[in-house]
Structures are given as C-alpha cells and as structure tokens.
Amino acid sequence: MKSLHGMTLENVKLHLCGSNGIEIAGRILRPDETKSYVEFTLSHAFPVVTCDNTCIHPQVVANSYRTMQDKVFDLAHMLRAYNPKDNPRDYILGCVVAVEFPETPDGGWKVQGDKSRAPGIRGAAVMWKKAENVETILNQYFNGQVDWTVSMEQLFDLGNSAFIVKATGANEDWEEWVKKTPDDLKTLGWTYVPFVEAPNDLLACYDKKTRAVKQYRGCETLLMFGGLNGDVHYNGVGLTPMGKENEAQVVQMLASEKLIKVNGELMPDIIGLLKQTAEILELS
C-alpha cells in the first residue's frame, strides 16, 4: 500500500494480452485502453446436456451458430426484456464479435458417446471498459476471485424440436418411433420422438416456463432443441459465475493495461506507465 498527495494507491494486477491477441474467424482481436475481449466456448452438441435436461444436435448447432454473432454480451442475462419485474434496467457489457464452428465432417454430423469430443461454438466478445461493471469483472477474473463462465440465450421452435428418451420401448406405441430413430442415437439407447408427435404424458415432462425437463416413466428424458436438422436463434450470451452447461467456459479474458485502486476505485495505472517510461517517480 502506498500514498501520494493524500491518495491511497494499491497495485491490483497486470493485465496483458499476447502479441497476437485472439485469432478467430479470420480476425485478430487485440484489446486497447477502451476495450477488452473474452474468448469462450458454449452450446456444445449432444451428448453434452444442460442442467435443465436440454440438448442440441451437432447439425443444429452447425445450422445456427452464425446467428450468435453481433448479439448482446450481458451480465448474467440481466436484461429488462427478459424479466422486467426483477431487471428494471439492462446490464450490457459489450457484443459478440466473432464465432466459429467446425466444418461438417464427411457423411454429416453424427452423435457419439464421448462428451469430450462434442463440438461447440467458439466465440469472442468485446467488453467496453467504460461500461458499468467491466473493470470490476476484469479485476475479479485476473485475480482469481470469480470463475466466470458463459451461458447462451436462444430462441427455438418447439414444433421442430424433439424428445429423446433413454428407452427403446416405453410402450407398444413407440415401435414406429424406435424404427425412425437414427442409428447413432439408437446405438446409445435413445429413442427419438418429435415434439409434435409426443403423447400427452411425455409432453407434460416439459415445463414451458422454466424450460426444464423431467423424467418420463422413470427414464432419462431430454428435449433436443431443433430436432435433428432444424435450427435455433442465438440472441445473446451472458457472462455469469454459474451457467447451465458444465462444458461451457471462458477460455481467456484479454486486457492491455495495468490497473490500480485509487481511494478504493479501479482506474488505469497512469503513474505506473510514467514510471516505466521515464523512471522519474518514486512511490516507495
């Protein structure tokens, strides 16, 4: 702790970016004094499953991932449009500026049983340093105070979605659905039931308000957004300390300047910059 002309100074963390910044979608993103960047992965394909028992086929992610670009990057989904009662104002940090997804393999996308091989969207968002909370978020990240992750915001059509149930014959009426189930899902023990064909007791497993899914007749049950070859619309990404997809992650945050606390408030370390260039200021 040091003082200068009555001010309390505290070094917080040196925030440095690599010389090349973030390479993504043919771009190189480099932070500066007014912007920082977040590299992240999310919306991994099935067999990755959210805590709400929802999932998405890799072909649907491939069909849809581009809609995530240029969408809002917010704090913990706290937008007035989502919940005007609890969120009287918007907490916007920046914008998603680039997204990538692997090229479709020969023979098309298939589901496999290894979660570690499930493809996901790789993205990057700019966070504007003058936006409320951004400097605090950077400080918490670089000092290891908060393990930030990301959470997707998406629109989907139940009409092109489906249930998959971990059972090959929940009742006799399922014979036709079992026959129509793709081999990659059937091999893993799942039966594919289009939402529009599902019986009422299976439909009752989905809560439209919470988007959560419960078991059907004691069998593991998931809602597959977009079915096998439909699409979803990604309308934003939330930065949050707690997400619904365990495999989602913040890969890195990049900022380009040293921060200090002056009287308890974060601000650029102008004194440090002067000291580095001229070595004329003694703070000790």
Minimal non-hydrogen separation, [X] against [Y], with atom names:
| X | Y | value |
| --- | --- | --- |
| Cys55 | Ile164 | SG-CD1, 4.0 Å |
| Gly227 | Tyr192 | CA-OH, 3.3 Å |
| Val60 | Gly226 | CG2-O, 3.5 Å |
| Val134 | Met127 | CG1-CB, 4.1 Å |
| Pro58 | Val111 | CD-CG2, 4.0 Å |
| His44 | Glu245 | ND1-OE2, 2.5 Å |

Let me check something: do [X] and [Y] share a hydrophobic cluster, defined by ILVMFWY side-chain heavy atoms less than 4.5 Å apart, either directly or through other members?
| X | Y | value |
| --- | --- | --- |
| Leu228 | Leu188 | yes |
| Leu158 | Ile56 | yes |
| Val146 | Leu93 | yes |

Between [Y] and [X], is there a side-chain heavy-atom distance shorter than 4.5 Å?
| X | Y | answer |
| --- | --- | --- |
| Trp174 | Val165 | yes |
| Pro241 | Thr149 | no |
| Asn160 | Asn229 | no |
| Leu42 | Glu247 | no |
| Leu222 | Val213 | no |
| Gln249 | Trp148 | no |
| Val237 | Glu153 | no |
| Val250 | Asp147 | no |

[X] side, atom [atom1]; [Y] side, atom [atom2] - distance, nearest 0.5 Å:
| X | Y | atom1 | atom2 | answer |
| --- | --- | --- | --- | --- |
| Gln112 | Thr187 | CD | OG1 | 12.0 Å |
| Ser151 | Phe40 | OG | CZ | 11.0 Å |
| Lys166 | Leu185 | NZ | CG | 10.5 Å |
| Arg211 | Tyr206 | CZ | OH | 5.5 Å |

For the pair [X] (side chain) and [Y] (backbone), establish whether a donor and an acceptor sit closer than 3.5 Å, ignoring hydrogens and angles.
| X | Y | value |
| --- | --- | --- |
| Lys186 | Val178 | yes |
| Thr191 | Gly189 | no |
| Thr67 | Ser64 | yes |
| Asn143 | Gln145 | no |
| Ser43 | Gly120 | no |

Judged by modelled atom types alone, do Gln59 and Asn63 share a side-chain donor-acceptor pair under 3.5 Å?
->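 A donor-acceptor contact under 3.5 Å links the two side chains.
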Flag for Asn87-Asn83: side-chain donor and acceptor within less than 3.5 Å |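 There is no such pair between these side chains.
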Take Trp128 and Tyr37 through the ring pair (Phe, Tyr, Trp, His ring centres under 6.0 Å) test and state the conclusion after the steps.
-> CA-CA 9 Å; Trp128 305 305; Tyr37 286 104; over 10 Å; no
Which residue pairs pass the ring pair (Phe, Tyr, Trp, His ring centres under 6.0 Å) test with at least one member in residues 52-78, sequence neighbours excluded?
-> Tyr65-Phe101
Ring pair (Phe, Tyr, Trp, His ring centres under 6.0 Å) contacts touching residues 222-243 (sequence neighbours left out) =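 Matches after skipping sequence neighbours: Phe156-Phe225.
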Among all residues two or more places apart in sequence or in another chain, which pass the side chain to side chain donor-acceptor pair (under 3.5 Å) test with [X]?
| X | result |
| --- | --- |
| Gln252 | Glu39 |
| Ser36 | none |
| Glu197 | Trp177 |
| Asp114 | Ser116 |

Audit row: Ile121, Met68, side-chain contact (heavy atoms from CB on, under 4.5 Å) steps and yes/no | CA-CA 9 Å; Ile121 299 173; Met68 187 178 289; 3.7 Å; yes
Answer yes or no: is there an ion pair linking Asp201 with Arg217, defined by an N-O contact shorter than 4.0 Å?
->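 A salt bridge links Asp201 with Arg217.
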Give a yes or no on whether a salt bridge exists between Glu175 and Lys179, defined as a side-chain N under 4.0 angstrom from a carboxylate O.
->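 A salt bridge is present here (some side-chain N lies under 4.0 Å from a carboxylate O).
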Can you run down the salt bridge (Lys or Arg N to Asp or Glu O under 4.0 Å) pairs that involve residues 69-88, sequence neighbours left out, and say none if there aren't any?
-> none
What residue pairs, at least two apart or across chains, pass salt bridge (Lys or Arg N to Asp or Glu O under 4.0 Å) with a residue in residues 89-102?
->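 As it turns out, the salt bridge (Lys or Arg N to Asp or Glu O under 4.0 Å) pairs with a partner in residues 89-102, which skip direct neighbours, are Arg89-Glu132, Glu100-Arg122.
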Can you list, pair by pair, the side-chain donor-acceptor contacts under 3.5 Å of residues 45-52, counting residues two or more places apart and other chains?
unit_1: Thr50; atom_1: OG1; unit_2: Asp52; atom_2: N; d: 3.2
unit_1: Thr50; atom_1: OG1; unit_2: Thr54; atom_2: N; d: 3.3
unit_1: Thr50; atom_1: OG1; unit_2: Thr54; atom_2: OG1; d: 2.7
unit_1: Asp52; atom_1: OD2; unit_2: Lys244; atom_2: NZ; d: 2.7

Determine, stepwise, if the pair Ile137 / Leu75 fulfils side-chain contact (heavy atoms from CB on, under 4.5 Å).
-> CA-CA 10 Å; Ile137 288 168; Leu75 180 60; 4.2 Å; yes
By side-chain contact (heavy atoms from CB on, under 4.5 Å), which residues pair with Leu203, not counting sequence neighbours?
-> Phe163, Phe195, Ala198, Asn200
I'd like a table of donor-acceptor pairs (distance under 3.5 Å, sequence neighbours excluded) in which one partner is a side-chain atom from residues 103-110, with atom names and distances.
unit_1: Thr104; atom_1: OG1; unit_2: Trp109; atom_2: NE1; d: 3.4

I would like to know whether Ile22 and Val38 meet side-chain contact (heavy atoms from CB on, under 4.5 Å); could you show each step before the answer?
-> CA-CA 9 Å; Ile22 298 172; Val38 181; over 6 Å; no
Could you tell me which residues satisfy salt bridge (Lys or Arg N to Asp or Glu O under 4.0 Å) with Lys35, sequence neighbours excluded, listed by chain and number?
->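 With neighbours one apart ignored, the set is Asp32.
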Between Met152 and Val232, does a side-chain contact (heavy atoms from CB on, under 4.5 Å) hold up when you go through it step by step?
-> CA-CA 11 Å; Met152 58 188 167; Val232 298; over 6 Å; no
